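This report refers to the structure that appears directly beneath it.
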Amino acid sequence: MDISGMAHVILTAGDFQKSTAFYRELLPAMGMTLVMDTDFMLYGVGAKTAMGVRPPDSTYAGERFVQERVGLHHYCFRAKNTESVDAAHELVKQLGAKIIHAPESGPWAPGYYSVLFEDPDGIRGEVNFVPGKGVLADGAEFRPR
(Lines give C-alpha, C1' and ligand atoms only; values in the text may rest on other atoms or scores of the structure.)
Protein backbone atom coordinates (compact mmCIF):
# COMPACT_ATOMS: atom_id res chain seq x y z
CA MET A 1 0.00 0.00 0.00
CA ASP A 2 1.03 3.59 -0.57
CA ILE A 3 -0.62 5.85 2.01
CA SER A 4 0.02 9.60 1.89
CA GLY A 5 -1.54 10.67 5.19
CA MET A 6 -4.77 10.93 7.17
CA ALA A 7 -7.69 11.91 4.90
CA HIS A 8 -10.10 13.16 7.56
CA VAL A 9 -11.29 12.98 11.15
CA ILE A 10 -14.95 13.36 12.11
CA LEU A 11 -15.84 14.38 15.66
CA THR A 12 -19.27 13.87 17.22
CA ALA A 13 -20.07 16.87 19.41
CA GLY A 14 -22.23 16.68 22.52
CA ASP A 15 -23.11 20.35 22.07
CA PHE A 16 -23.18 20.81 18.30
CA GLN A 17 -23.84 24.58 18.42
CA LYS A 18 -20.92 25.37 20.75
CA SER A 19 -18.57 23.00 18.97
CA THR A 20 -19.35 24.26 15.48
CA ALA A 21 -18.86 27.87 16.65
CA PHE A 22 -15.40 26.83 17.91
CA TYR A 23 -14.41 24.86 14.79
CA ARG A 24 -15.78 27.52 12.39
CA GLU A 25 -12.88 29.65 13.66
CA LEU A 26 -10.26 26.96 14.24
CA LEU A 27 -10.43 25.02 10.97
CA PRO A 28 -9.88 28.00 8.64
CA ALA A 29 -7.00 29.12 10.88
CA MET A 30 -5.47 25.65 10.32
CA GLY A 31 -5.59 26.17 6.55
CA MET A 32 -8.93 24.50 5.87
CA THR A 33 -11.80 25.77 3.75
CA LEU A 34 -15.26 25.12 5.13
CA VAL A 35 -17.02 23.17 2.39
CA MET A 36 -20.08 22.16 4.42
CA ASP A 37 -21.85 24.01 7.22
CA THR A 38 -25.28 22.50 7.83
CA ASP A 39 -27.41 21.25 10.72
CA PHE A 40 -25.78 17.83 10.37
CA MET A 41 -22.13 18.57 9.54
CA LEU A 42 -19.43 21.20 9.64
CA TYR A 43 -16.60 20.08 7.36
CA GLY A 44 -13.31 21.73 6.49
CA VAL A 45 -10.82 20.61 3.84
CA GLY A 46 -7.22 21.70 3.33
CA ALA A 47 -3.71 21.48 4.74
CA LYS A 48 -3.57 17.89 3.37
CA THR A 49 -6.44 16.72 5.58
CA ALA A 50 -10.05 17.37 6.51
CA MET A 51 -12.00 17.55 9.73
CA GLY A 52 -15.70 17.39 10.38
CA VAL A 53 -18.00 17.92 13.33
CA ARG A 54 -21.40 16.30 13.51
CA PRO A 55 -24.18 16.28 16.11
CA PRO A 56 -24.76 13.25 18.32
CA ASP A 57 -27.70 10.92 18.30
CA SER A 58 -30.36 12.49 20.55
CA THR A 59 -29.64 9.80 23.16
CA TYR A 60 -26.19 11.32 23.72
CA ALA A 61 -26.91 15.04 23.27
CA GLY A 62 -25.22 17.12 25.94
CA GLU A 63 -22.70 14.45 26.94
CA ARG A 64 -19.06 15.41 27.27
CA PHE A 65 -16.06 13.62 25.84
CA VAL A 66 -14.11 11.31 28.16
CA GLN A 67 -10.55 10.95 26.95
CA GLU A 68 -9.85 7.59 28.57
CA ARG A 69 -12.88 5.80 27.06
CA VAL A 70 -12.43 3.52 24.08
CA GLY A 71 -12.14 5.59 20.90
CA LEU A 72 -10.44 8.87 20.11
CA HIS A 73 -7.79 10.05 22.59
CA HIS A 74 -6.98 13.37 20.90
CA TYR A 75 -6.23 14.85 17.51
CA CYS A 76 -3.13 16.78 16.52
CA PHE A 77 -2.44 19.26 13.73
CA ARG A 78 1.18 19.43 12.51
CA ALA A 79 2.50 23.00 12.33
CA LYS A 80 5.30 24.16 10.03
CA ASN A 81 7.11 26.10 12.79
CA THR A 82 7.00 27.00 16.48
CA GLU A 83 5.45 30.39 15.72
CA SER A 84 2.39 28.61 14.33
CA VAL A 85 2.07 26.63 17.56
CA ASP A 86 2.21 29.90 19.50
CA ALA A 87 -0.42 31.44 17.19
CA ALA A 88 -2.69 28.40 17.66
CA HIS A 89 -2.36 28.83 21.42
CA GLU A 90 -3.48 32.45 21.19
CA LEU A 91 -6.43 31.53 18.96
CA VAL A 92 -7.77 28.71 21.10
CA LYS A 93 -7.43 30.92 24.20
CA GLN A 94 -9.50 33.60 22.43
CA LEU A 95 -12.07 30.93 21.51
CA GLY A 96 -12.41 29.96 25.18
CA ALA A 97 -10.71 26.58 24.99
CA LYS A 98 -9.47 25.00 28.19
CA ILE A 99 -5.68 25.03 27.89
CA ILE A 100 -4.17 21.75 29.12
CA HIS A 101 -0.67 23.03 28.53
CA ALA A 102 0.62 26.19 26.90
CA PRO A 103 3.28 25.84 24.19
CA GLU A 104 6.16 23.78 25.54
CA SER A 105 8.85 21.32 24.55
CA GLY A 106 7.95 17.66 24.94
CA PRO A 107 9.71 14.30 25.15
CA TRP A 108 8.01 12.73 22.12
CA ALA A 109 10.70 13.58 19.55
CA PRO A 110 13.78 15.81 19.26
CA GLY A 111 12.59 19.42 19.11
CA TYR A 112 8.94 18.53 19.82
CA TYR A 113 6.95 21.68 20.66
CA SER A 114 3.19 21.72 21.21
CA VAL A 115 0.08 23.23 22.74
CA LEU A 116 -2.72 21.02 24.10
CA PHE A 117 -6.30 22.23 24.61
CA GLU A 118 -9.91 21.06 24.92
CA ASP A 119 -12.79 22.09 22.67
CA PRO A 120 -16.26 22.93 24.12
CA ASP A 121 -17.08 19.21 24.48
CA GLY A 122 -13.78 18.42 26.19
CA ILE A 123 -12.25 16.76 23.10
CA ARG A 124 -8.53 17.31 23.26
CA GLY A 125 -6.74 18.95 20.37
CA GLU A 126 -3.06 19.54 19.91
CA VAL A 127 -0.94 21.58 17.54
CA ASN A 128 2.69 20.51 17.34
CA PHE A 129 5.90 21.23 15.51
CA VAL A 130 8.63 18.64 15.06
CA PRO A 131 11.73 19.71 13.12
CA GLY A 132 13.35 17.55 10.49
CA LYS A 133 12.53 13.86 10.54
CA GLY A 134 11.50 13.76 14.22
CA VAL A 135 11.63 10.23 15.60
CA LEU A 136 12.65 8.94 12.15
CA ALA A 137 15.95 10.84 12.26
CA ASP A 138 19.13 8.82 12.72
CA GLY A 139 19.74 8.29 16.43
CA ALA A 140 16.34 9.67 17.51
CA GLU A 141 14.17 7.67 19.85
CA PHE A 142 10.46 7.69 20.68
CA ARG A 143 10.09 8.68 24.33
CA PRO A 144 6.45 8.47 25.40
CA ARG A 145 5.47 9.60 28.88
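Note that these values count all heavy atoms, side chains included, but never hydrogens, waters or copies made by symmetry. The model shown is predicted, which means the values in this text are computed figures rather than measured ones.
- Contact of the K93 side chain with the I99 side chain is registered, since non-hydrogen atoms from C-beta on lie closer than 4.5 Å.
- Side-chain contact between D119 and Y23 is present, with at least one heavy-atom pair separated by less than 4.5 Å.
- Side-chain heavy atoms closer than 4.5 Å link hydrophobic residues (I, L, V, M, F, W, Y) into clusters, and following such links, possibly through other members, connects L91 to F22.
- Considering all non-hydrogen atoms of both residues, A61 and P56 come closest at CA-CG, 3.6 Å.
- Contact check for L26 versus F117: side-chain heavy atoms found under the 4.5 Å cut-off.
- In this structure, F65 and L72 approach most closely via the heavy-atom pair CZ-O, 3.1 Å.
- Follow the hydrophobic side-chain contacts under 4.5 Å out from V35 and you never reach L11; the two are in separate clusters.
- With hydrogens and angles disregarded, a donor-acceptor distance shorter than 3.5 Å links the side chain of N81 to the backbone of S84.
- By the neighbour-count criterion of 12 heavy atoms within 6.0 Å, atom CG of D39 is sparsely surrounded, having that number or fewer from other residues, nucleotides or ligands.
- Note: the hydrophobic cluster containing L116 does not contain V92 (ILVMFWY, side chain heavy atoms under 4.5 Å, direct or indirect links).
- Using a 4.5 Å heavy-atom threshold, the side chains of F16 and D121 count as separate.
- Among residues two or more places apart in sequence or in another chain, the salt bridge (Lys or Arg N to Asp or Glu O under 4.0 Å) test is passed with E126 by none.
- V130 is connected to W108 through a chain of hydrophobic side-chain contacts under 4.5 Å among Ile, Leu, Val, Met, Phe, Trp and Tyr, so both are in one cluster.
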Show me the side-chain donor-acceptor pairs of residues 41-54 shorter than 3.5 Å, one per line, residues at least two apart or across chains.
from: T49; atom 1: OG1; to: M6; atom 2: O; distance (Å): 3.2
from: R54; atom 1: NH1; to: T12; atom 2: OG1; distance (Å): 3.2

- Show your working on side chain to side chain donor-acceptor pair (under 3.5 Å) between Q67 and H74 and close with a plain yes or no. CA-CA 7 Å; Q67 189 179 34; H74 74 282; 4.6 Å; no
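- A continuous path of Ile, Leu, Val, Met, Phe, Trp and Tyr side chains, each step under 4.5 Å between heavy atoms, connects V9 with M32, placing both in one hydrophobic cluster.
- Taken from CE in M30 to CD in E25, the straight-line distance is 11.5 Å, to the nearest 0.5 Å.
- To the nearest 0.5 Å, atom CZ of residue R78 and atom CZ of residue F129 are 9.0 Å apart.
- In this structure, R124 contributes its side chain and C76 its backbone to no donor-acceptor pair below 3.5 Å.
- With a 4.5 Å cut-off on side-chain heavy atoms, S114 and V127 do not count as touching.
- A donor-acceptor pair is defined here as one N or O able to donate and one able to accept, closer than 3.5 Å; no such pair exists between the side chain of E63 and the backbone of G14.
- Using a 4.5 Å heavy-atom threshold, the side chains of E118 and R64 count as touching.
- In this structure, N128 and Y113 have side chains that are not in contact, with every pair of non-hydrogen atoms separated by 4.5 Å or more.
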